[in-house]
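Here is how names work: the chains are called A, B, and so on, in the same order as the sequence lines, proteins then strands, and each is numbered from 1.
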2 protein chains.
Amino acid sequence: MSGDLQGAAIRVERPAKTLRELALDKVREAIVNGYFRPGDRLVERDLCAQLGVSRTIVREVLRHLESEGLVANQQNRGPIVAQLDHDEAKQIYEIRGALEGMAARLCAEKGDPAIADALDKALQDIRDSYRDKDMAGVLTHTSVFYQTLFSMVDRHVAWGVVNLLTVRINHLRSMTIKTENRGVQGPAQMARIVDAIRRGDGPGAYQAAMDHVASASAIAEAVLSGRQSVD
Amino acid sequence: MSGDLQGAAIRVERPAKTLRELALDKVREAIVNGYFRPGDRLVERDLCAQLGVSRTIVREVLRHLESEGLVANQQNRGPIVAQLDHDEAKQIYEIRGALEGMAARLCAEKGDPAIADALDKALQDIRDSYRDKDMAGVLTHTSVFYQTLFSMVDRHVAWGVVNLLTVRINHLRSMTIKTENRGVQGPAQMARIVDAIRRGDGPGAYQAAMDHVASASAIAEAVLSGRQSVD
DNA sequence: TTAAATATCTTGGTACGCCATAATACGATT
DNA sequence: AATCGTATTATGGCGTACCAAGATATTTAA
């Protein structure tokens, strides 16, 4: 990694992160990985203390997360961590299916073998993570897989949408991947996507991507209705 | 529980709008209808003066619009009105196609005649607006048409996504509908969607919706590349 | 025991001030 | 005159303090 292309090589990359962005990431993280549970109140001044920043920042962060759908504001009562109801989760999976299916079809139609190779690599990382029982790794590499799917055909807007929706069902994702057999079935379904792409089979890739999301959705639904009684 | 139902019936709806929401709507409006042009700087203190609110509010609003994609923040230089490039617009149309196609298919599969009736009503409003050369009305009723499409099958999340994306291409929409023949062609294409839904023809509805968006996208592209030279 | 009154908590909103940085203007040096 | 360094200004990033009003908890009075 020495001597890259001229100017770019010596450019000094500043952290460039503002305090607000740092705080935003922290709080989003905290919500996504369950430190704050759905329904928990997010009291501004408490967050100030916990994050060590001013109310100004906290308020901006809360507003941002609100527009992401991770935080809900109740009339005159302040923000809470958004509750994900059953039906909404289903809708999110459905949208993901439509968009990931679209991306898969586009990948297949492009007919660039490098795409399937890149996807295979990501898929192998997923398999490795499953083998090592590294569930955080599974999630990460699954994200990489889908990001590849979208970025290989330059669909960053759609990827943004998928990403936005995905954070809202993150805790469901981490539950579905722990499901019995998911470590075998999941990668197998993803392999079908890659195969269809490699064959240049657009409709097949679309269908395979849809199927994969559909099965994740079904598992999520089962998990959700199972948990209902535990709550 | 008994008293709640009765109470809800006569409950007086408060404006319930916070100052922040009011300001958010104002600024979004201003961007969407072109009062602020793409690339314009949005200086916090100037906005405070123009809106008559404090900087805190303005900052929250800017953050919100940033996450909507209407405002872009430049490193150390502050926010500007986001510029919509060619390719991004195309991607947005593509996503709309996928989601509206999905909604249309679901409507067709549901087989409820009330859906087609409601859509026909919206469509007639669109035709009337075209006849009266009321372009604002065309946009409004087109929105109603699509909202109906989504809400009739309870897909409010997808509708939210479509809505979010649509504001970013709003100025393109207002240009495409002014195009030659769009007043005839547009409603005709939408009628095809409604017909397919009425017939219960899922794939047909999907395809009709896709076609409609695709043609809007093509016009937008033409308009965009045409304007390039005018600018 | 219940109902009214009061205190507390928390958000919505405002005002003001400080610092850091980018851009610009300006002045000095060669 | 061209270049370099410096002062100024505009602006965003961030913090603190304060007030009003709604929601909730707590206490007091009947």
List the steps, then state whether salt bridge (charged side-chain N to carboxylate O under 4.0 Å, His left out) holds for B:Glu21 with B:Lys17.
CA-CA 6 Å; B:Glu21 292 172 290; B:Lys17 284 267 191 181; 5.3 Å; no

Check the distance between [N]'s [atom2] and [X]'s [atom1] and give it to me in whole angstrom.
{"X": "A:Leu47", "N": "D:dC14", "atom1": "CG", "atom2": "P", "value": "16 Å"}
{"X": "B:Leu51", "N": "C:dT14", "atom1": "CG", "atom2": "C1'", "value": "15 Å"}
{"X": "A:Ile57", "N": "D:dT16", "atom1": "CD1", "atom2": "C1'", "value": "13 Å"}
{"X": "A:Gln75", "N": "D:dT24", "atom1": "CD", "atom2": "P", "value": "12 Å"}
{"X": "A:Glu44", "N": "D:dA23", "atom1": "CD", "atom2": "P", "value": "16 Å"}
{"X": "B:Leu24", "N": "C:dG12", "atom1": "CG", "atom2": "P", "value": "14 Å"}
{"X": "B:Glu21", "N": "C:dG12", "atom1": "CD", "atom2": "P", "value": "9 Å"}
{"X": "A:Glu66", "N": "C:dT11", "atom1": "CD", "atom2": "P", "value": "13 Å"}

Select base, sugar-phosphate, or nothing to describe what B:Leu22 touches, counting heavy atoms under 4.0 Å on all strands.
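Nothing, no nucleic acid heavy atom in range.
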
With a 4.0 Å cut-off on heavy atoms, is B:Leu62 in touch with a base, just the backbone sugar-phosphate, or nothing at all?
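Nothing: the residue B:Leu62, judged by heavy atoms under 4.0 Å, touches no strand.
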
Looking only at side-chain atoms of [X], point me to the closest of [options].
{"X": "B:Leu19", "options": "C:dT10, C:dG13, D:dG15", "value": "C:dG13"}
{"X": "A:Arg59", "options": "C:dG13, D:dT11, D:dC14", "value": "C:dG13"}
{"X": "B:Arg63", "options": "D:dG13, D:dG15, C:dT14", "value": "D:dG13"}
{"X": "B:Arg20", "options": "C:dG13, D:dG12, D:dC14", "value": "C:dG13"}
{"X": "A:Arg77", "options": "D:dG12, D:dT24, C:dT14", "value": "D:dT24"}

I'd like to know whether B:Ser129 forms a side chain to side chain donor-acceptor pair (under 3.5 Å) with B:His141, so could you lay out the CA-CA distance, the side-chain angles of the two residues, the decisive distance to 0.1 Å, and finally the verdict.
CA-CA 8 Å; B:Ser129 296; B:His141 293 120; 3.3 Å; yes

Over 60° means perpendicular and under 30° means parallel, so tell me whether B:Tyr146 and B:His212 are parallel, tilted or perpendicular.
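Rings of B:Tyr146 and B:His212: parallel, as their planes differ by under 30°.
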
With a 3.5 Å cut-off and just heavy-atom distances, do the side chain of B:Arg45 and the base of D:dG12 make a donor-acceptor pair?
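Side chain to base: pair present.
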
Is any side-chain N or O of B:Arg55 under 3.5 Å from a base N or O of C:dG13, one able to act as donor and the other as acceptor?
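Such a pair does not exist between side chain and base.
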
When the nearest nucleotide of DNA chain D is assigned to B:Val43 and to A:Gly52 on a heavy-atom basis, which residue is associated with the more 5' position?
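The answer here is B:Val43.
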
Residue-phosphate contact under 4.0 Å: B:Asn76 side-chain N/O, C:dT21 OP1/OP2:
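Answer no for this pair, as no side-chain N or O of B:Asn76 is under 4.0 Å from OP1 or OP2.
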
Quick check on D:dG13: is either OP1 or OP2 less than 4.0 Å from any side-chain nitrogen or oxygen of A:Thr56?
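For A:Thr56, the contact criterion (side-chain N or O under 4.0 Å from OP1 or OP2 of D:dG13) is not met.
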
Can you check whether B:Arg28 reaches B:Asp25 side chain to side chain, under 4.5 Å on heavy atoms?
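Yes, at least one pair of side-chain atoms sits under 4.5 Å.
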
Residue of the set B:Leu172, B:Val167, B:Leu165 for which side chain to side chain contact (heavy atoms under 4.5 Å, CB included) holds with B:Ile169
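Filter result, single survivor: B:Leu172.
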
